[in-house]
Amino acid sequence: MEYQQSYSNKHLLWEQEINYDEQEIKYVNLLDDLGFKHVFGRDENKEILIAFLNEIIPDKQIIDLEHIRNEQVPFDPDTKASVFDLYCETQDGSRIVVELQREEQFDYIDRAIYYGAFPIQNQIAKGKKRYTFSAVYVINILNFNLVELRGDNNPVSTFRLKELKTNKILSHKYTLIFIELSKFAKRLEEISPDNILEGYLYFLRNMHNFKEQPKEFQQQIWDKLFNAARVAKMNRQERQAYIKKMNTERDRINQWEFAMEQAKTKGMAEEKMTIAKSMKLEGISVDIICKCTGLSIEEIENL
């Protein structure tokens with residue numbers, strides 16, 4: 001009986017903690033895979049995704065799309081499989097892969113190119129006489145800067161196959177797009193509510209910091225985005241998984257901040273660099289490392 005009462009009290013306390021966090025966090029973090037898929041990966045939110053894609057993809061107007069199976073198995077069983085964050089097919093048969101990446105990784109450019117191979121090979125069935133396929137777009141949303149694009153301050157970079165001397169496009173059927181969010185530095189008051197692209201870039205990074213929808217951003221698309229991003233829109237199981245993940249991340253960041261305070265107290269520059277390097281390897285975003293360590297983005301990228 002005593003054991004049952006103790007268990008019940010602990011369970012009630014855990015429930016209270018979950019409820020408290022649900023009140024504290026009104027909107028999901030769109031840079032978290034659970035939050036991102038909750039908003040952009042549901043059929044009822046297709047309009048939100050379509051509006052974003054129409055701003056990102058050049059020379060294309062998407063009217064409708066459907067989500068398709070995101071786990072990709074290669075023809076060769078010895079070849080690495082992949083699971084996309086989002087995988088869609090538009091009304092004209094084009095395939096769109098959307099990848100969200102918070103942490104810097106080795107060979108990310110190669111990974112992005114590799115991802116684009118799956119939608120191509122899946123369109124060319126065995127026995128098919130002609131190598132024709134619909135256009136493929138691989139969109140990479142990154143919370144870090146690519147070393148390969150250092151010096152380019154444009155947050156959205158688009159690549160296609162072209163002839164180097166004349167810049168003539170060889171094919172429009174394979175497009176790589178990299179969105180480096182840390183290169184977008186505008187404040188909310190500097191963004192027009194009518195500028196859909198800049199609004200998306202800002203809210204991707206900052207949605208979870210809001211307690212309510214900004215009064216200036218009351219257009220229909222922003223109403224839909226903020227409504228879809230509410231933690232309360234998640235079912236109970238999704239909310240608990242999301243809150244637990246956010247708490248774990250918060251604890252991890254607090255540990256790093258404590259370690260940095262210790263390093264600052266001791267005045268150990270070398271210790272600061274060591275901690276920053278460890279944070280980077282742990283997948284902490286460059287922005288957070290900068291805030292915790294006082295190091296510049298360039299110093300962190302060179303670690």
Side-chain angles (χ1 to χ4, degrees), residues 28 30-31 33 35-72 82-101 112-124 132-143 154-162 169-181 184 191-205 207 217-229 233:
V28 299
L30 294 178
L31 292 183
D33 57 346
F36 182 80
K37 292 174 185 177
H38 171 71
V39 172
F40 292 101
R42 296 175 181 267
D43 286 337
E44 61 263 35
N45 296 336
K46 284 199 298 185
E47 186 176 342
I48 298 171
L49 178 59
I50 289 173
F52 174 64
L53 295 176
N54 278 334
E55 293 295 322
I56 295 297
I57 299 176
D59 309 323
K60 188 171 186 62
Q61 185 66 27
I62 300 171
I63 300 172
D64 193 18
L65 57 75
E66 63 174 315
H67 295 279
I68 52 183
R69 186 171 180 266
N70 63 344
E71 183 178 1
Q72 302 300 301
S82 294
V83 179
F84 303 146
D85 287 327
L86 295 180
Y87 186 28
C88 312
E89 181 177 348
T90 67
Q91 74 278 356
D92 65 354
S94 297
R95 293 340 194 247
I96 301 175
V97 174
V98 182
E99 274 296 299
L100 175 69
Q101 191 65 40
I113 295 171
Y114 177 68
Y115 276 0
F118 286 99
I120 293 175
Q121 71 173 13
N122 290 341
Q123 293 184 65
I124 303 175
T132 58
F133 56 89
S134 297
V136 170
Y137 302 87
V138 181
I139 300 173
N140 304 271
I141 303 173
L142 311 176
N143 198 35
N154 186 0
V156 181
S157 301
T158 304
F159 297 89
R160 283 179 174 157
L161 296 172
K162 70 175 185 178
I169 300 294
L170 177 66
S171 173
H172 289 79
K173 286 193 173 184
Y174 190 83
T175 304
L176 279 172
I177 300 174
F178 298 97
I179 304 171
E180 299 169 284
L181 292 174
F184 185 76
I191 302 171
S192 167
D194 296 323
N195 192 323
I196 305 300
L197 175 59
E198 290 192 350
Y200 268 103
L201 295 181
Y202 183 85
F203 291 127
L204 277 168
R205 295 191 75 190
M207 176 64 74
F217 287 77
Q218 297 295 326
Q219 289 90 331
Q220 185 180 31
I221 188 60
W222 305 127
D223 286 344
K224 290 180 179 294
L225 177 63
F226 272 82
N227 183 55
K233 294 282 287 186

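As the structure is a prediction and not an experimental result, all values here were calculated from the model. Reckoned from all heavy atoms, side chains included, excluding hydrogens, waters and symmetry mates.
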Taking all atoms of both residues into account, what is the closest heavy-atom pair of Leu204 and Phe40, and its distance? CD2-CE1, 4.1 Å
What closest approach, in Å, do Phe133 and Ile124 show between heavy atoms, and which atom pair accounts for it? CD2-CD1, 4.0 Å
A side-chain contact here means heavy atoms from C-beta on lying under 4.5 Å apart; do Ile120 and Arg95 qualify? no
Determine, step by step, whether Lys233 and Val28 satisfy the side chain to side chain contact (heavy atoms under 4.5 Å, CB included) criterion, reporting the C-alpha distance in whole Å, the side-chain angles of both residues, the deciding distance to 0.1 Å, and the verdict. CA-CA 10 Å; Lys233 294 282 287 186; Val28 299; over 6 Å; no
Which atom pairs, one a donor and one an acceptor, fall under 3.5 Å between side chains of residues 51-63 and the rest of the protein, sequence neighbours left out?
unit_1	atom_1	unit_2	atom_2	d
Asn54	OD1	Ile62	N	2.7
Asn54	ND2	Ile50	O	3.4
Asn54	ND2	Ile62	O	3.1
Lys60	NZ	Asp92	OD1	3.3
Lys60	NZ	Asp92	OD2	2.7
Lys60	NZ	Ser94	OG	3.1

Please check if any side-chain donor atom of Gln101 sits under 3.5 Å from a side-chain acceptor atom of Asp85, or the reverse. no
For Arg160 versus Ile169, what's the shortest heavy-atom pair and its separation? CB-CD1, 4.2 Å
Return the minimal non-hydrogen interatomic distance between His67 and Cys88, and the atom names on each side. ND1-SG, 3.7 Å
To the nearest 0.5 Å, how far apart are CE in Met207 and CG in Leu225? 4.0 Å
Given side chains that start at C-beta, do those of Tyr200 and Ile48 come closer than 4.5 Å, heavy atoms only? yes
Is the shortest heavy-atom distance from the side chain of Val136 to the side chain of Lys173 under 4.5 Å? no
For the atom pair CD1 (Ile68) and CG (Leu86), what is the distance rounded to the nearest 0.5 Å? 11.0 Å
Nearest non-hydrogen partners of Ala228 and Val39, listed with the distance: O-CG2, 3.7 Å
Are any side-chain N or O atoms of Asn122 and backbone N or O atoms of Phe118, one a donor and one an acceptor, separated by less than 3.5 Å? yes
Rounded to the nearest 0.5 Å, what separates atom OG1 in Thr158 from atom OH in Tyr137? 10.5 Å
As an exercise, state the distance from CG of Asp194 to CZ of Phe217, rounded to the nearest 0.5 Å. 9.0 Å
In short, Gln123 meets Gly93 closest at the heavy-atom pair OE1-O, 4.4 Å
With rounding to the nearest 0.5 angstrom, report the OG1 to CG distance, Thr90 to Leu65. 7.5 Å
Output all residues satisfying side-chain contact (heavy atoms from CB on, under 4.5 Å) with Asn140, sequence neighbours left out; order by chain, then residue number. Glu99, Tyr108, Ala112, Val138, Leu142, Leu176, Phe178
Find the distance between OG1 (Thr175) and CZ (Phe159) and round it off to the nearest 0.5 Å. 11.5 Å
Any side-chain heavy atom of Ile179 within less than 4.5 Å of one from Phe184? no
By ring pair (Phe, Tyr, Trp, His ring centres under 6.0 Å), which residues pair with Phe226, not counting sequence neighbours? Tyr27, Phe203, Phe210
Closer than 3.5 angstrom, by distance alone: can the side chain of Lys224 be matched with the main-chain N or O of Asn45 as a donor-acceptor pair? no
